[in-house]
Amino acid sequence: MTVFETKSQGYVEAGTPCRNFNILASTVVNDPKDGREKLVLSNFAAGQTGNLIFIDTLTGEGESVELPGDEGAWGLVNWKDEKLVVGTCPKFAYLHCLDLKTREWADSIKSEGEKYFWDMTLGSDGKIYGGTWPGCSLVCYDPEQHTLTNVGRASDNLKNQYSRPVNGKLPGYILLAGGYDVPFLKAFHIESGTFHDFGTPGFVVKEVQDTFICTSKGEELEFYDPQTFERLDASGLEEKLTHKQLTFPNGKKIRAIPLADGRFASIRGQDYVIVDDLDQAPELKRIPVPAPATRIHTITADAEGNIWGSCGFGQTIFRFNPADGTYWNSSSVCDHGGEVYGMRFVEGRLFLSAYVGGDHIVYDPSQPWDQVNNVNPKTLQSVSPEYVRPEGCTVIGPDGGLWTGWSAQYGTYGGALSRIDPVTHAVDVWKHPIEGQQVAGVSADERYVYFTTNGGASGLPYQEVLCHFGVWDCEKGLIHSVQFEAGVRPGNAIAAGGGRVYVNVGKEIRIYNPELLAFEQPTIQVEEPCSWFVATSKGELAAFSGKRLLLLDLFTGELKREIELPGPVRAAADHPDGLYFAVGTVLYKLIG
């Protein structure tokens, strides 16, 4: 165990217990390296470098090939069983190209001004096309020349940052959707290089056949003529769709991927499936390569002294035993993709809040795992589609309920508070406690729930608003709010303790007095905005400011210690053994 020396005390590296897969894309290749059919998975490794996973469809043997850079990839295209073309995210929007026979990567190309490639598609001209964020562009890759060209923004609306998904099945065209300020659906004409609107905005292309284009929005379907793009009568066309699904005994479905011999494969979270036909019940098998250590997103502690946490992307949780260093990682905790933000234990059960489905989830570690049948963990009432991201995480309120702060659905500014009754599992929702602003941080004491709001949103640029601090009575609702000055953006760092509420605002920690319903003076100045607060059982406020941990007296605000850290922190939890915190993939414990 390594002890790191700091200004006034040390911390130890506890381990890297968060390990999972997050499969963003898949394809099937006839591998020229050995002539065998392979299911290829594109794995996003949060906080690490992503990889491609090859699974032999007959033997189940696995192979892992690390990407040259970035955390993972939505874009994955098999080009003639010769090359795999990969478009990465979330930092660099790299275009990687792997020679399948040699397993060698060509020099990577970056799409300038972009951070994400979304999904990619093979066009009728033999080139690869992909959508991007934040430029809302359509990008073209030539696998023969190894060149990348941005063919232009797909939308004139500068607030539209997303171009996804894309489909190249219609000869001469790339069909693509996007948004999220104003949704659009367009056809890009390859020869002329022009975009044309068609269909109903908000729909995406589901399937293209010789006689129709099918678009969908949820369960709604529309059909269009592939020559004229005119709307078609849908009568009898739905039966012609070839979209295949595998069905579990409880009726739950997952996408089926056709294999060369008539079998089907599929992916569900940490597992894959291969069945002989669509009537066969899927049997989940673990992906046959080691799961990488991934970025820790949230942590909490249980009554037995275990540390529990979630992955930064991949919808899994982990348990870490500090006594012996052992750990366990779960399968997917719900049916939606994304990640768990809020984690709190009540009476031995772990309550979770998760993006992107706006999900409330409860898990009993003493009972067998059965998420497929929604038994354990069990998904409770969701706040979607109106709210999707539990930006404010989850706290236990003075009424014993589990309170979560939410951000609105993609393309919308706004937020909500929700409450789970830990006994009945009933869910209540209060929409827009501050109109048009997301709930960014939540805390609670023996009297009130406290929250901050700001102008953040999913799929939209930050909106400059006058942000707020709110005081919520569990029976009466909002009883007091403070409007911050212009330019201030409070975030996630908020904690109640010692009869005060500490709120990070820019490079200040402001102290709120619930008795006076007012902020006190003076404020506490910090060199960098705080990313996270924890009120500890030792009567200290652990304030994570950049790469520093400031330990303040909860009752007086006096600085007691200042500690250098290996990096910024967003996940931390109080524990009888001391404060635990995460930097990237590594879990640390404060000592001294």
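Just so it is clear, the structure is predicted and the values come from calculations on it, not from any experiment. Residues: numbered from 1 along the sequence shown. The figures that follow rest on heavy atoms only: side chains count, while hydrogens, waters and symmetry mates do not.
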Counting only heavy atoms not in D107 (residues, nucleotides, ligands), do more than 12 fall under 6.0 Å from its CG?
no
Is any NZ, NE, NH1 or NH2 atom of the basic residue among D271 and R286 found under 4.0 Å from an Asp or Glu carboxylate oxygen of the other?
yes
For R19, check side-chain hydrogen bond (donor to acceptor under 3.5 Å, both in side chains) against everything at least two apart and list the hits.
T16, Y327
Can you tell me if N250 has over 12 outside heavy atoms packed within less than 6.0 Å of its CG?
yes
In terms of side-chain geometry, is the basic nitrogen of K127 or E144 positioned less than 4.0 Å from the acidic oxygen of its partner?
no
Pi-cation contact, F54 with R36 (under 6.0 Å, within 45°):
no
Is any NZ, NE, NH1 or NH2 atom of the basic residue among D335 and R268 found under 4.0 Å from an Asp or Glu carboxylate oxygen of the other?
yes
Restricting to side-chain hydrogen bond (donor to acceptor under 3.5 Å, both in side chains), what partner residues turn up for K186, sequence neighbours left out?
D197
Mind checking ring-ring contact (aromatic ring centres under 6.0 Å, His included) for Y180 and listing every partner two or more places apart, or none if nothing turns up?
Y162, Y410
Sequence neighbours excluded, which residues qualify as ring-ring contact (aromatic ring centres under 6.0 Å, His included) partners of W369?
W328, Y363
With sequence neighbours left out, write down each residue that passes side-chain hydrogen bond (donor to acceptor under 3.5 Å, both in side chains) with D277, or none if nothing qualifies.
none
With H360 as partner, the option from Y387, W406, Y341, F351 fulfilling ring-ring contact (aromatic ring centres under 6.0 Å, His included) is W406
Hey, can you pull the donor-acceptor pairs under 3.5 Å for the side chains in residues 40-49, sequence neighbours left out?
residue	atom	partner	partner atom	Å
S42	OG	A73	O	2.7
N43	OD1	N22	N	2.7
N43	ND2	N51	OD1	2.9
Q48	NE2	A293	O	3.3

Spatial distance of atom OH (Y355) from atom OG (S407) [nearest 0.5 Å]:
9.5 Å
